[in-house]
Amino acid sequence: MADAPGPGDGLRPQHLTTDREEEPRLGTGRSTVTGHLRLAPMTDRSADATSADQEPFEDLPEQVRVRREKRQRLVESGRPPYPNTVRRTHALAELRRTFDFQDLPPDTRTGETVSVAGRVIHLRNTGKLCFVRLREGDGTELQAMLSLADLGEESLAEYKSLVDIGDFIEVSGEVVTSRRGELSVQATGWTMAAKALRPLPNEHRPLSDEARVRQRYLDLVVNPEARAMVRTKAAVLRSLRSTLDDRGYVEVETPILQLTNGGAAARPFRTHLNAFDQQMLLRIALELDLKKALIGGVDRVYEIGRTFRNEGLDSTHAAEFSMLEAYEAYGDIESMKALLQDLVRGAARSVGRTVVSGRDGEQIDLEGPWRSAGLHELVSEALQAEVTTETPLQDLRDLADGRGVELQERWGTGEVVLELYEKLVEHTLIQPTFVQDYPESVRPLAKPHPSKPGLVEAFDLIVNGVELAPAYTELNDPVIQRERLVEQSLLAAGGDPEAMDLDEPFLRAMEHGMPPAGGMGMGVDRLVMLLTGAGIRETILFPLLRPE
RNA sequence: GCGCCAUUAGCUCAAUUGGCAGAGCAGCUGACUCUUAAUCAGCGGGUUCGCGGUUCGAGUCCGCGAUGGCGUACCA
């Protein structure tokens, strides 16, 4: 609230830009009718520069000017630059599948006549024989050859003068192999499928990091790794769903717009619902609504969805990210361990990477055994000194001091042990490890451990030094739940009872009885990062960026 | 938040001590019926991120700002 931007400066300039420049263009694009009608005036270069809504033609980069002129020539020569569709009998991949394994000798004529389409990524125009390489979405490429003999003078001349790298074109003809033995379509005709007005970037040098993110669509055209990432993430999502579905979990969707935030402690994004004249928040977690579903009898329930946290951004944190949360009635942390192993291993198999490289070069075999270790045990190992729930606060503080770990004054033993773990241990846990037996004070929504006083049934799955998924035997005592939420809310409100923001509908639901349950939440992007070794900005297709 | 580094043609990058702003790809004109980062000949393309300053002269030095990267801090 205090940090909300004032109603002026930051927003205003953007607004002006939108009004002046974007709107007229949107108008052209959105309405098919006017869109077509307005094609012609584009050539009207004399359109006085006073109409500031369109960049003057003369100011455009040379290569855009050239392509716009070609577009216009296409219109005038009766070859629409953007036809509704073009004939296409085979995907490039289909032809590759059919012919690649036939080992055709050079100069073969297959007798098969096809129409193919794709983006032009390579052009070789010689006098009487032209080569063009087409690429389709997954990166499959196929060459076409356009010869004077087969096309005739006019068609070939038009092709040479109107087709650029970056355009989508259709080529029909016979499937052949070239004199060099390359599978090709020997063209008898071509059509423009969609004219590109801007050049593709240099294929042979990687785009700068910023360009790759800002113009991901170009990264996808030019960079096989970017194409693979999109498909890897999709495969991971499919695998997660199928693992859960196979176990009888039911997928649900719960509201992204919330009245109060719960399930995590992060600063939310704020927005406004006009119909109720109500301030709303974007969810920071899925937990509370999924528990309501559990209360209602959706005994195995999960959601995969976007959550939003208004916090700092870095190579492992994004403002919006995908989360999987799953809750299982009559489950506990042990069933969550089994579920997580299935989920992670299933995802790894689905992308063919069950052994991945750790940050320190160590290999991580996800099919191998996963360790379970107590928090105090791990901290003791790191400190070479026995630490238990009985260790006095002052001793812990001395140990932290000796290792240069800074502590906050108000912390108790639980927080101090957790801090020691996070600073000294977490990043060293490369192999899959369930870190468990947390002090009650640092995991307020988990149930007490049945045999270890002061500890709760909760774990964090750590792989490659990164937290992948926390899980609890979920607290379902509505009285304690209310106490904890009140505590949390008071803390968040800075001790001001008036500013407390309790989720009463959730508490009321809890009072109707929630079955004993295990629950967990997994960062989907982090799983993809683990399986690919990429940073979070690579796993998110269009990460948030400041306006240019 | 703080610190360091970067920003030059459509893309990726050069530019010596402050002294005419360049290359490869891409583009344009021409040659070439087997190219595939083709080759050959010729040509065009710049608000050097923005605003100010120092200087005879600034891509280069100084100040402020913008954007990005890295580090660091904060973060159920």
Side-chain angles (χ1 to χ4, degrees), chain A residues 3 10 13 59-67 69-70 106-107 120-135 141-151 156 160-161 164-166 176-184 186 196-215 218-219 221-223 261-267 284-285 287 307 309-317 319 406 408 414-415 418-419 422 438 441-446 458 460 467 469-472 484 487-488 491-492 521 523 535 537 543 545-548:
Chain A
D3 50 331
D59 287 355
L60 294 172
E62 181 202 21
Q63 300 198 42
V64 176
R65 284 206 306 271
V66 167
R67 283 168 168 78
E69 278 162 359
K70 290 182 180 179
D107 249 339
V120 174
I121 52 141
H122 180 87
L123 273 179
R124 241 2 123 215
N125 288 351
T126 67
K128 301 190 184 70
L129 179 63
C130 299
F131 298 87
V132 58
R133 200 183 321 149
L134 302 181
R135 178 183 290 161
E141 296 174 8
L142 186 70
Q143 170 173 278
M145 296 189 289
L146 299 92
S147 71
L148 181 64
D150 290 320
L151 274 181
L156 187 67
K160 281 200 267 190
S161 68
D164 287 302
I165 291 178
V176 302
T177 58
S178 70
R179 208 171 284 169
R180 296 281 167 87
E182 180 166 346
L183 188 67
S184 310
Q186 181 73 51
L197 296 184
R198 292 178 186 271
L200 281 183
N202 186 341
E203 274 247 332
H204 311 293
R205 297 201 182 254
L207 283 172
S208 65
D209 281 344
E210 186 179 354
R212 289 185 43 228
V213 177
R214 260 189 214 284
Q215 292 172 278
L218 292 181
D219 196 27
V221 173
V222 155
N223 177 6
N261 270 153
R267 280 183 297 174
I284 57 173
E287 180 159 341
T307 56
R309 298 191 180 179
N310 213 341
E311 308 275 1
L313 309 178
D314 60 35
S315 56
T316 54
H317 294 85
E406 284 180 36
Q408 290 189 26
E415 286 85 354
L418 184 64
E419 183 69 10
E422 282 179 357
Y438 283 83
S441 60
V442 300
R443 290 290 183 270
L445 298 182
D460 257 4
E467 182 187 327
Y472 302 159
R484 297 272 159 79
E487 275 170 36
Q488 278 191 310
L491 252 161
R537 284 156 59 89
L545 286 168
R546 278 183 211 273
E548 272 179 291

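Here is how names work: the chains are called A, B, and so on, in the same order as the sequence lines, proteins then strands, and each is numbered from 1.
- Stem regions annotated for RNA chain B: B:1-7 with B:66-72, B:10-13 with B:22-25, B:27-31 with B:39-43, B:49-53 with B:61-65, counting only runs of 3 or more consecutive pairs of Watson-Crick or G-U type with both contacts under 3.5 Å.
- Taking the C1' atoms as reference points, B/rC74 lies 25 Å from B/rA6, given to the whole Å.
- To the nearest angstrom, P of B/rA26 lies 13 Å from NZ of A/Lys70.
- A/Arg443 and A/Asp460 are joined by a salt bridge, as a carboxylate oxygen and a charged side-chain nitrogen come within less than 4.0 angstrom of each other.
- Side-chain contact between A/Gln143 and A/Ser178 is present, with at least one heavy-atom pair separated by less than 4.5 Å.
- RNA chain B is contacted by both A/Ala211 and A/His204; A/Ala211 maps to the nucleotide lying nearer its 5′ end (nearest heavy atom per residue).
- Residues A/Phe131 and A/Leu123 have side chains not in contact (no heavy-atom distance under 4.5 Å, counting atoms from C-beta outward).
- Taking atom NE2 of residue A/His317 and atom P of nucleotide B/rA73, one finds them 13 Å apart after rounding to whole Å.
- Rounded to whole Å, atom C1' of B/rC75 lies 15 Å from atom CD of A/Glu415.
- With sequence neighbours excluded, the residues that form a salt bridge (Lys or Arg N to Asp or Glu O under 4.0 Å) with A/Arg484 are A/Glu440.
- The two atoms that bring A/Ala458 and A/Tyr438 nearest to each other are O-CD1, 3.6 Å, heavy atoms only.
- B/rC25 and B/rC61: their C1' atoms are spaced 34 Å apart (whole Å).
- Comparing B/rG27, B/rG10, B/rC75 against the side chain of A/Pro199 picks out B/rG10 as the nearest.
- Rounded to an integer number of Å, the gap from A/Asn202 CG to B/rA37 C1' is 8 Å.
- Here the side chain of A/Ser184 pairs no donor or acceptor atom with the backbone of A/Val176 at under 3.5 angstrom.
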What N/O pairs connect the protein and nucleotides 65-68 of chain B at under 3.5 Å? Give each pair on its own line.
{"unit_1": "B/rU67", "atom_1": "O3'", "unit_2": "A/Arg214", "atom_2": "NH2", "d": "3.4"}
{"unit_1": "B/rU67", "atom_1": "O2'", "unit_2": "A/Glu210", "atom_2": "OE2", "d": "3.2"}
{"unit_1": "B/rG68", "atom_1": "OP1", "unit_2": "A/Arg546", "atom_2": "N", "d": "3.3"}
{"unit_1": "B/rG68", "atom_1": "OP2", "unit_2": "A/Arg546", "atom_2": "NE", "d": "2.9"}
{"unit_1": "B/rG68", "atom_1": "O4'", "unit_2": "A/Glu210", "atom_2": "OE1", "d": "3.4"}

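- Among B/rC25, B/rC28, B/rC75, the nucleotide with an atom closest to any side-chain atom of A/Gln408 is B/rC75.
- Between B/rC49 and B/rG10, the two P atoms lie 13 Å apart (nearest whole Å).
- Two residues are said to be in side-chain contact when any heavy atoms from C-beta on lie closer than 4.5 Å; A/Arg133 and A/Leu142 fail this criterion.
- In this entry the distance linking CG of A/Asp219 with C1' of B/rC11 reads 13 Å, nearest Å.
- Minimum heavy-atom separation, A/Thr126 to A/Lys160: O-NZ, 3.2 Å.
- In this structure, A/Pro470 reaches neither bases nor backbone, as no heavy-atom distance under 4.0 Å exists between it and the strands shown.
- Counting all heavy atoms, side chain and backbone alike, A/Leu200 lies closest to A/Val120 at CD1-O, 4.1 Å.
- Legend: residues meeting side-chain contact (heavy atoms from CB on, under 4.5 Å) with A/Val222, ordered by chain and number and at least two apart, are A/Pro201, A/Glu203.
- Distance CG (A/Leu218) to P (B/rU12): 10 Å, rounded to an integer number of Å.
- Between the C1' atom of B/rU36 and the CD atom of A/Glu182 lies a distance of 6 Å, rounded to the nearest Å.
- Listed here is the closest heavy atom pair of A/Glu311 and A/Ala266: OE2-CA, 3.3 Å.
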Set out, line by line, the N/O atom pairs under 3.5 Å between protein and nucleotides 30-34 of chain B.
{"unit_1": "B/rC32", "atom_1": "N4", "unit_2": "A/Asn125", "atom_2": "O", "d": "2.9"}
{"unit_1": "B/rU33", "atom_1": "OP1", "unit_2": "A/Lys128", "atom_2": "NZ", "d": "3.0"}
{"unit_1": "B/rU33", "atom_1": "OP2", "unit_2": "A/Lys128", "atom_2": "N", "d": "3.2"}
{"unit_1": "B/rC34", "atom_1": "O3'", "unit_2": "A/Arg180", "atom_2": "NH1", "d": "3.4"}
{"unit_1": "B/rC34", "atom_1": "O3'", "unit_2": "A/Arg180", "atom_2": "NH2", "d": "2.9"}
{"unit_1": "B/rC34", "atom_1": "O2'", "unit_2": "A/Arg180", "atom_2": "NE", "d": "3.3"}
{"unit_1": "B/rC34", "atom_1": "O2", "unit_2": "A/Arg179", "atom_2": "N", "d": "3.2"}
{"unit_1": "B/rC34", "atom_1": "N3", "unit_2": "A/Arg179", "atom_2": "N", "d": "3.3"}

What protein N or O atoms touch nucleotides 40-47 of chain B N or O atoms at under 3.5 angstrom, if any, and at what distances?
{"unit_1": "B/rG44", "atom_1": "N2", "unit_2": "A/Glu62", "atom_2": "OE1", "d": "2.3"}

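- Here the separation of B/rC70 from B/rA26, taken at their C1' atoms, is 31 Å to the nearest Å.
- What you find for A/Arg309 and A/Ile284 is that their closest heavy atoms are NH2-O, 2.9 Å.
- Of all non-hydrogen atoms in A/Glu287 and A/Gly263, the two that sit nearest each other are OE1-O, 3.6 Å.
- B/rG45 and B/rG71 have their P atoms separated by 42 Å, given to the nearest Å.
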### Query
Under the side-chain contact (heavy atoms from CB on, under 4.5 Å) criterion, do A/Gln186 and A/Leu151 qualify, and how do the steps go?
CA-CA 10 Å; A/Gln186 181 73 51; A/Leu151 274 181; over 6 Å; no
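- Heavy atoms of other residues, nucleotides or ligands lying less than 6.0 angstrom from CD of A/Glu406 number 12 at most.
- Comparing the P positions of B/rC64 and B/rG69 gives an interatomic distance of 23 Å, to the nearest angstrom.
- Nucleotides B/rU72 and B/rU16 place their P atoms 33 Å apart, quoted to the nearest Å.
- Within 4.0 Å (heavy atoms only), A/Ser184 reaches no atom of the nucleic acid at all.
- Straight-line distance between the C1' atoms of B/rU29 and B/rA37: roughly 23 Å, to the nearest whole Å.
- What separates CG of A/Leu207 from P of B/rA26 is a distance of 15 Å, to the nearest Å.
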